[in-house]
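Okay, so here's the structure we're looking at.
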Amino acid sequence: IPGEGINGLARAFLYAGAHSVIGTLWNVDDSSSNELMRGFYQAFLTQHLAAAAALRAAQLRVLSDADHRAPYYWAGFVLEGNWRGH
């Protein structure tokens with residue numbers, strides 16, 4: 001369906017049983033994506049932050065990297081679904 005984009009893909013994962021989905025609104029750089037996702041899982045799994053808080057912590061971590069400070073590298077990541085829990 002034209003215009004579905006990220007919402008259609010995220011909805012498919014949520015209907016399939018995922019509690020939440022992290023996606024991007026635009027194509028992102030591989031190295032900064034790797035850094036962001038590593039930071040997300042570290043905060044989520046070891047610090048036991050809620051998904052939204054873990055994503056924010058990861059975005060701030062990427063933002064603090066001088067090579068990836070521009071919003072292009074971190075701002076396109078969005079969380080859909082259960083943003084409070086695990």
Side-chain angles (χ1 to χ4, degrees):
I1 299 172
E4 281 289 303
I6 186 89
N7 291 329
L9 183 60
R11 187 177 306 124
F13 280 102
L14 295 170
Y15 285 159
H19 294 284
S20 56
V21 176
I22 293 178
T24 61
L25 300 175
W26 54 77
N27 289 333
V28 292
D29 176 73
D30 287 341
S31 66
S32 62
S33 297
N34 181 35
E35 185 180 339
L36 188 131
M37 293 310 297
R38 286 161 94 49
F40 170 78
Y41 281 110
Q42 179 182 14
F44 186 70
L45 297 174
T46 62
Q47 298 173 16
H48 307 289
L49 295 179
L55 178 58
R56 181 176 187 277
Q59 287 174 315
L60 291 173
R61 181 175 165 178
V62 173
L63 175 63
S64 71
D65 179 356
D67 293 334
H68 298 121
R69 186 163 291 150
Y72 161 79
Y73 295 105
W74 55 269
F77 290 86
V78 294
L79 175 70
E80 296 207 25
N82 184 4
W83 53 271
R84 288 185 182 171
H86 294 207

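Numbers here are sequence positions counted from 1. Predicted, not measured: the structure shown is a model, and the values here were computed from it.
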Flag yes if more than 12 heavy atoms outside D30 fall under 6.0 Å of its CG atom; otherwise flag no.
-> no
Interatomic spacing from CG in L45 to CZ in F40 - rounded to 0.5 Å | 7.5 Å
Grab the two heavy atoms, one from L36 and one from Q59, that are nearest each other, plus how far apart they are.
-> CD1-CG, 3.7 Å
Decide yes or no for L49 and F44: does some side-chain heavy atom of the first lie under 4.5 Å from some side-chain heavy atom of the second?
-> no
Of all the heavy-atom pairs spanning A58 and G39, show the shortest one and how long it is.
-> CB-C, 3.8 Å
Quick check: are there more than 12 heavy atoms from other residues, nucleotides or ligands sitting under 6.0 Å from OH of Y41?
-> no
Donor-acceptor contact below 3.5 Å, side chain W26 vs main chain Y72 = yes
Of all heavy-atom pairs between V28 and S33, which one has the smallest distance, and what is that distance?
-> CG2-OG, 2.8 Å
Hphob cluster co-occupancy, Y15 + L79, side-chain heavy atoms under 4.5 angstrom | no
Residues passing the ring pair (Phe, Tyr, Trp, His ring centres under 6.0 Å) test with Y73, sequence neighbours excluded, are H68
Residue pair V78 / V21, side-chain heavy-atom distance below 4.5 Å = no
Nearest-0.5 Å distance that lies between atom CD in E35 and atom CH2 in W74 = 13.0 Å
